[in-house]
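Here is how names work: the chains are called A, B, and so on, in the same order as the sequence lines, proteins then strands, and each is numbered from 1. The structure presented is a predicted model; accordingly, all values stated were derived computationally and were not measured.
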Amino acid sequence: MIDVQNLIFEYPGLRALDDISFQIQANSVTALVGPNGAGKTTLMRCLCGLEIPVSGDIVIDAIDVVEQPRRSHERISYLSDFFGLYDELTIRQCLRYAALANRASGNIINATKRVAEGLRLETRLDQKVGELSRGLRQRVAIGQAIIHEPKVLILDEPASGLDPEARHDLAELFKQLQNAGMTLLVSSHILAELEAYATDMLVIRDGLIIEQRSLKVRTSAMHQIAIDVISDPAIVIAFLNARPEVQNLAAQQNRIVCEVDGGDRQQQLLLTELIASGAHIVNFATLERDLQQSYLDSIKETTAP
Amino acid sequence: MTVNPEFQRNLLLEWNLHRMILIAGVIAGIFVLAGLFGTQNVVANIALLTFLLGTVLWGGHRAGDAILDELRERTWDSQKMSAIDPWAMTWGKLFGATIMPWFAGCISLIVYFVEREGPTQIERLQMIVFCISGAILVHSLSLIGALVGTHLDKFGKSTLTTWASVGALGLLAFYFANYLRSDDIIVWYGASYDRFDFLTASLLVLCAWVTFGAYRLMCTELAVNTLPVAWIAFLIYLIVYFSGVYVSPNLPFTQSISLAAAIALTICGGSSYIAAFALYRDPLAFRRLGTCVRARNWRRFFEEIPVWIVSMSLALVSVVVCAALHYTPRYSGEYLEHIGVSSLAIWLLFLRDTLILYFFTYGISKRRVETSTIICLAMLYWLIPSIIESSGLVKTSWLLRPPMKDQPLMSATIIAVHVIFVAILVLRRYRQRIAPARSVS
């Protein structure tokens with residue numbers, strides 16, 4: 001759905017995006033992560049045709065964004081981190097304006113109703129936007145962005161300033177949009193919350209894409225295992241250290257975490273032998289690598305000498 | 001038929017019964033008071049003044065705010081990405097944001113038409129056309145100022161919008177002052193026209209050009225790529241328009257061409273100054289142009305080229321014409337005798353000054369670029385040469401202020417050296433600050 005090739009964007013004396021290339025599959029939710037100043041917002045604005053790169057190609061849904069930015073806007077919606085709304089208008093008027101301005105297909109009243117229901121705003125349609133809370137304003141802004149059913153939705157820090165409940169609602173909404181066939185690119189500093197809905201991760205640092213990976217597909221045979229014992233962790237540590245398939249062992253009090261090379265069968269065998277060796281095990285579980293860990297691993301790999 | 005959504009949105013924000021009653025009440029009060037203490041013509045004049053204050057000035061302010069409000073409210077990005085076409089966006093803002101000033105203006109113009117004694121109905125209608133086109137001209141220029149200001153900081157935005165409005169009012173005052181002059185005939189390309197007819201037509205055409213200019217700038221903002229043909233067409237229009245004042249069928253053909261070329265040099269050079277100073281100078285524009293050249297993407301190259309370069313190129317054409325004809329216009333004063341060779345020196349001065357502007361643009365501070373350039377130019381044109389001259393070193397002062405009238409060839413050579421020197425400085429600064437770019441870290 002999104003194909004970026006050799007993209008270079010510069011500010012005076014500063015290369016913000018340094019010859020980057022990547023692809024994003026249709027119907028995915030990609031988390032764009034990276035430290036402050038990495039180039040996330042610049043990349044998003046380039047994808048939307050709001051900034052003109054020095055060179056490179058951006059193709060979204062078979063449309064060249066650099067050459068035909070206007071045409072690409074029919075397929076893309078963008079919500080910036082500091083989005084604005086017309087405070088003096090009601091939610092209904094805002095959604096109606098967005099529908100007309102973006103040439104939403106079908107009946108405008110039905111489109112407004114559909115979006116309001118999807119965002120649980122139907123009871124507040126005649127309330128002025130200026131009177132809404134941050135979470136509700138966020139929903140209205142997303143409603144405006146999706147009312148014309150774009151194929152790609154790009155959101156810059158959509159959850160900033162939201163309370164936990166509003167963040168949960170937002171995650172649910174993103175899953176709903178993905179299920180409706182939309183492709184989402186979301187940047188955020190709150191990695192735990194991205195994990196709730198992201199299918200892919202794109203890590204950017206110093207204007208370079210340092211990693212792109214799927215969060216739903218395990219890329220290697222290594223599994224992280226946590227083992228809890230009620231006593232004598234030394235027995236377990238000694239046993240595991242002797243096993244060739246066990247790596248990166250770390251222990252803290254009665255919890256031992258290690259990586260095991262192998263699938264379910266290998267893990268079952270290891271557990272059987274551990275119990276047979278007399279270890280007092282109360283928990284033996286596979287740890288899912290969370291987004292935070294994936295991100296930190298990526299950063300660690302790129303910064304390693 | 002779908003009503004322009006931008007116009008609709010502005011109506012929702014601006015138009016309400018409460019404001020209508022308030023405005024109508026205030027204006028009615030003014031006219032009643034004027035009617036109590038003055039004649040019908042006094043009421044008519046007050047109506048024109050109300051139009052000037054209510055529609056021209058307040059409307060101009062509102063037209064600029066139509067863009068500045070979007071920037072303040074951070075809604076401009078979503079507007080830029082909307083499907084509203086640039087023309088709909090332009091007129092939606094131009095007439096939507098100014099709907100209340102136009103409401104006030106309509107009342108004022110109706111009162112003027114009814115109360116004015118003396119002129120015929122046609123003359124009164126003509127005055128109304130004059131007022132309406134003047135108001136649209138001011139509104140459009142204010143919108144242009146705000147559109148150009150979208151790339152500037154908060155200070156730059158308000159300064160530019162203010163200057164655009166002041167410029168528009170100046171233009172309007174010029175037309176109006178001409179209208180009030182006693183002689184009632186204007187000679188244009190040898191033909192005589194009624195002064196007011198000619199000025200009304202001129203204002204109408206200028207109003208159309210400025211509104212079209214606002215539309216073209218809106219195209220750029222809404223990512224509709226355009227070639228600079230509209231700019232070229234506007235310059236050609238100005239050349240043809242102003243040449244009409246000096247050129248007449250009685251003049252020999254070469255003399256007419258020579259005069260038109262001199263006027264073209266003035267207009268193109270002046271417009272290159274205005275474009276370079278007023279429009280956004282993207283520091284990376286030349287890097288992107290370089291990419292276009294390497295990729296042989298000529299259409300993109302001409303879409304991205306700064307318009308001051310277009311003006312300078314047209315000015316160079318007029319230099320070639322001037323130099324080729326090297327003709328002495330009979331009545332245009334002694335100086336124009338040497339315009340043929342001097343035109344090259346003048347063109348080089350335009351180029352040097354624009355390069356100085358770019359030298360400051362590529363500097364560390366993004367603020368006060370224009371002020372620094374103006375101070376630098378004042379020193380080069382006036383202060384330093386005057387000091388040197390007052391010391392008795394007249395010929396030394398020629399190094400900065402060459403005698404273009406008496407020594408055109410030498411002057412052109414001196415200014416060419418200036419251009420090379422400043423170009424080297426600009427290039428050095430460009431390499432230091434703009435390229436080669438380094439990575440973020």
Side-chain angles (χ1 to χ4, degrees), chain A residues 8-18 37-39 42 45 48-50 52-56 65-74 76-90 93-94 96-104 108 141 144-145 148 150 205-208, chain B residues 2-6 8-10 12-14 69-86 88-89 92 219 222-225 282-285 287-292 294-295 297 299-300 303-304 361-362 364 366 430-441:
Chain A
I8 295 176
F9 184 89
E10 292 172 357
Y11 294 108
L14 188 81
R15 184 163 281 193
L17 299 174
D18 195 358
T42 304
R45 292 182 67 81
C48 296
L50 291 171
I52 309 166
V54 169
S55 62
V65 176
V66 181
E67 291 294 328
Q68 296 173 293
R70 190 81 183 147
R71 243 189 98 202
S72 73
H73 290 165
E74 294 165 15
I76 315 167
S77 251
Y78 170 62
L79 192 62
S80 74
D81 47 352
F82 298 108
F83 65 88
L85 294 168
Y86 299 108
D87 288 347
E88 290 302 310
L89 298 184
T90 63
Q93 287 168 336
C94 278
R96 186 184 146 76
Y97 169 68
L100 287 169
N102 293 296
R103 293 194 192 134
I108 298 297
Q144 290 191 147
H148 62 297
R205 188 187 171 96
D206 297 343
L208 295 163
Chain B
T2 312
V3 180
N4 180 346
E6 183 57 22
Q8 272 189 47
R9 186 188 65 81
N10 275 295
L12 285 171
L13 289 171
E14 299 289 326
D69 281 349
E70 303 290 352
L71 294 168
R72 276 192 286 264
E73 305 292 330
R74 297 174 188 277
T75 46
W76 188 225
D77 275 349
S78 61
Q79 288 221 323
K80 282 162 80 174
M81 287 191 70
S82 73
I84 303 174
D85 69 76
M89 188 69 91
C219 284
L222 300 191
V224 175
N225 299 327
D282 184 353
L284 290 158
R287 272 183 83 71
R288 287 201 299 273
L289 288 178
T291 308
C292 294
R294 281 191 292 277
N297 190 346
R299 186 179 172 88
R300 187 86 195 279
E303 282 169 358
E304 291 231 3
T361 303
Y362 292 153
I364 300 170
K366 296 284 167 285
Y430 179 82
R431 283 183 179 150
Q432 281 168 1
R433 303 216 172 276
I434 312 296
R438 58 189 187 279
S439 198
V440 193
S441 61

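A:L79 does not touch chain B: none of its heavy atoms, backbone or side chain, sits under 4.5 Å away. Of the two parts of A:R45, only the side chain, counted from C-beta on, holds a non-hydrogen atom closer than 4.5 Å to a non-hydrogen atom of chain B. For A:Q68, no part lies under 4.5 angstrom from a heavy atom of chain B. In this structure, the portion of B:N297 lying under 4.5 Å from any heavy atom of chain A is its side chain and not its backbone. Contact annotation for A:L85: only backbone heavy atoms (N, CA, C, O) come within less than 4.5 Å of a heavy atom of chain B. Of the atoms belonging to B:L222, heavy atoms from both backbone and side chain fall under 4.5 Å from chain A.
Nearest heavy-atom pair, B:N225 versus A:P69, reported as atom, atom and distance to 0.1 Å: ND2-CD, 4.2 Å. Minimum interatomic distance between B:P5 and A:L100 (heavy atoms only, all atoms of both residues): CB-CB, 3.7 Å. The minimum heavy-atom distance linking B:R288 with A:P53 is given by the pair CD-O, 3.4 Å.
Chain B forms more heavy-atom pairs under 4.5 Å with one residue of A:R103, A:E88, A:Q93 than with any other, namely A:R103. Comparing B:D77, B:V224, B:T291 by heavy-atom pairs within less than 4.5 Å of chain A, the highest count is held by B:D77.
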Could you pull out every donor-acceptor pair under 3.5 Å between side chains of residues 78-85 of chain B and any protein atom, sequence neighbours left out?
from: B:S78; atom 1: OG; to: B:T75; atom 2: O; distance (Å): 2.9
from: B:Q79; atom 1: OE1; to: B:K93; atom 2: NZ; distance (Å): 3.0
from: B:Q79; atom 1: NE2; to: A:Y86; atom 2: OH; distance (Å): 3.0
from: B:Q79; atom 1: NE2; to: A:Y97; atom 2: OH; distance (Å): 2.8
from: B:Q79; atom 1: NE2; to: B:E6; atom 2: OE1; distance (Å): 2.8
from: B:Q79; atom 1: NE2; to: B:E70; atom 2: OE2; distance (Å): 3.4
from: B:S82; atom 1: OG; to: B:Q79; atom 2: O; distance (Å): 2.8
from: B:S82; atom 1: OG; to: B:I84; atom 2: N; distance (Å): 3.4
from: B:D85; atom 1: OD1; to: B:W87; atom 2: N; distance (Å): 3.1
from: B:D85; atom 1: OD1; to: B:A88; atom 2: N; distance (Å): 3.0

Just do the side chain to side chain contact (heavy atoms under 4.5 Å, CB included) check on B:R300 and A:I52 with the steps written out, would you? CA-CA 12 Å; B:R300 187 86 195 279; A:I52 309 166; 3.0 Å; yes

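For A:F83, the ring-ring contact (aromatic ring centres under 6.0 Å, His included) test picks out no residue, with sequence neighbours left out.
With rounding to the nearest 0.5 Å, the separation of CD in A:E67 from CZ in B:R299 is 9.5 Å.
No side-chain heavy atom of B:L12 sits under 4.5 Å from any side-chain heavy atom of A:R96.
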